[in-house]
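Comments concern the structure below.
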Amino acid sequence: MGFAKGRYLLMFLCVQLVVMALLYREGYRKRMSYFFGILYKGGAPSAAGTAVGAHLNSSQPGDVYANLSRILKPSHGAQELPKCPKTSPLLGGPFRVTFPATLTMDDIVKKNPYVTEGGRYRPPDCISSHKTAVIIPHRNREVHLKYLLYYMHPFLQRQQLNYGIYIIHQAGNYTFNRAKLLNVGFKEAMKEEDWDCMFFHDVDLIPEDDRNIYTCDKFPKHASIAMDKFLYKLPYKSYFGGVSALTPEQYMKMNGFPNNYWGWGGEDDDIAVRVALGGMLISRPSVLHGRYKMIKHGHDKGNEQNPKRFNLLAKTRRTWKQDGMNSLEYNLLAKEHLPLYTNITVDIGFDNMPKRPS
Ligand code: BGN
């Protein structure tokens, strides 16, 4: 009896040890410092984690605009600016995402005094080593766009990036084509600036944590890995929809994105296949950081499910080298540098367009 009891006790202790080791690997230290943070809260508010911003150690998500008042324009000349630190001191971790009905574009302009025409920004107090363009395909989603801009600007400023925001607006009423609009966005944005990272961003996805850094990785990055709609986990392993990021080199290596997915679905899966065909892997942020809230909306007219998506996807291996950046055709209708973004209006044609004679 006594021997059996001892054996159980030993087994129990072993299990405890394994659990503790696992917890340690999964950021046990972070959790410990969080608890110490709570302990210290009453006495010395700055005792825990001053290095990374105002409320990183608080369990309460903060205001996305909270740290921006710390950005100050130095009075001396621009040449003397130091390099921005490796980790931005303006980061605050999770922030609150709500959708106030009274918000106007004008409010957003006022809250972002350092954003210049075309939705451009560079830190006024240091030289950023990152140049990120955010490309957002769009049609008839003005309300979503307003909320995305409200959060995106302070989010990127907290990361001390040199950035620009591009809205690619599909003209006309023909079926929506997300991937082709992204190709147009890439081409037009690169004409303006030598961006080193492109973020391809759905208009209805709001990031919830500024430690989800909008810079590129060694491999194409899928950033929206924990969306509220999918209960903060991936819907399936190769999912590449929502928000992704590629360097221009990675993008060209896979001949950009497909041009022939008209309507909802499949184009993101095609892009994931292209990443592999281009000889690359998929990089992802931590599931704690790659969190997004989706703005709820009804069915989009003009973006019905694409019945051809299964056939197209089955052929990607044979078509990717002919269809993509090297076959992209469109008509640029307008380019406006608005206060919060560059607005690109484009005619991308329609399905089964007759090919131009070459
Ligand atoms: C998948 C869609 C994706 C979409 C995700 C999440 C297809 C192709 C089927 C062969 N893929 O099912 O495009 O992003 O769901 O909604 O429909």
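One-based numbering along the sequence shown. Just so it is clear, the values below take in all heavy atoms, side chains as well, and ignore hydrogens, waters and symmetry mates. One-based numbering, in listed order, for ligands and for the atoms of each.
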For this session: Test D202 against every option in K229, R141, R178 by the salt bridge (Lys or Arg N to Asp or Glu O under 4.0 Å) rule and name the one that passes.
Result: R178
Problem set entry | ligand 1 N/O within reach of K229 N/O, cut-off under 3.5 Å | no
Exercise. How far is atom 17 (O) of ligand 1 from its nearest protein heavy atom, and which residue and atom name does that atom have?
Worked result: R309 NE, 2.6 Å
Problem set entry | D209 bridged to R291 by N-O distance under 4.0 Å | no
Seminar exercise, completed: ligand 1 atoms nearer than 4.0 angstrom to some heavy atom of G265 are 13 (O)
Exercise. Is K111 salt-bridged to D107, going by a charged N under 4.0 Å from an acidic O?
Worked result: no
For this session: Give me the ring orientation class for F99 and Y151: parallel if the planes are under 30° apart, tilted from 30 to 60°, perpendicular past 60°.
Result: perpendicular
Seminar exercise, completed: Closest heavy-atom approach to atom 1 (C) of ligand 1 among F310, Y261, Y236 is made by Y236
For this session: State plainly whether the residues E329 and K180 are in salt-bridge range, i.e. N to O under 4.0 Å.
Result: no
For this session: Ignoring angles and geometry beyond distance, decide whether W264 reaches within less than 3.5 Å of ligand 1 through its nitrogen or oxygen atoms.
Result: no
Problem set entry | NZ/NE/NH1/NH2 to OD/OE distance under 4.0 Å, D351 and K308 | yes
Problem set entry | F230: numbered ligand 1 atoms lying under 4.0 Å from its heavy atoms | 6 (C), 16 (O)
Exercise. Between atom CG of D269 and atom CG of L312, what is the distance when rounded to the nearest 0.5 Å?
Worked result: 11.5 Å
For this session: Would you mind listing which atoms of ligand 1 come within a distance below 4.0 Å of any non-hydrogen atom of D268?
Result: 3 (C), 4 (C), 13 (O), 14 (O)
For this session: Could you list which atoms of ligand 1 come closer than 4.0 Å to a heavy atom of L313?
Result: 10 (C)
Exercise. Are any of the N/O atoms in G266 less than 3.5 Å from those in ligand 1?
Worked result: yes
Problem set entry | Contact atoms of ligand 1, heavy-atom distance to D269 under 4.0 Å | 2 (C), 3 (C), 7 (C), 8 (C), 11 (N), 13 (O)
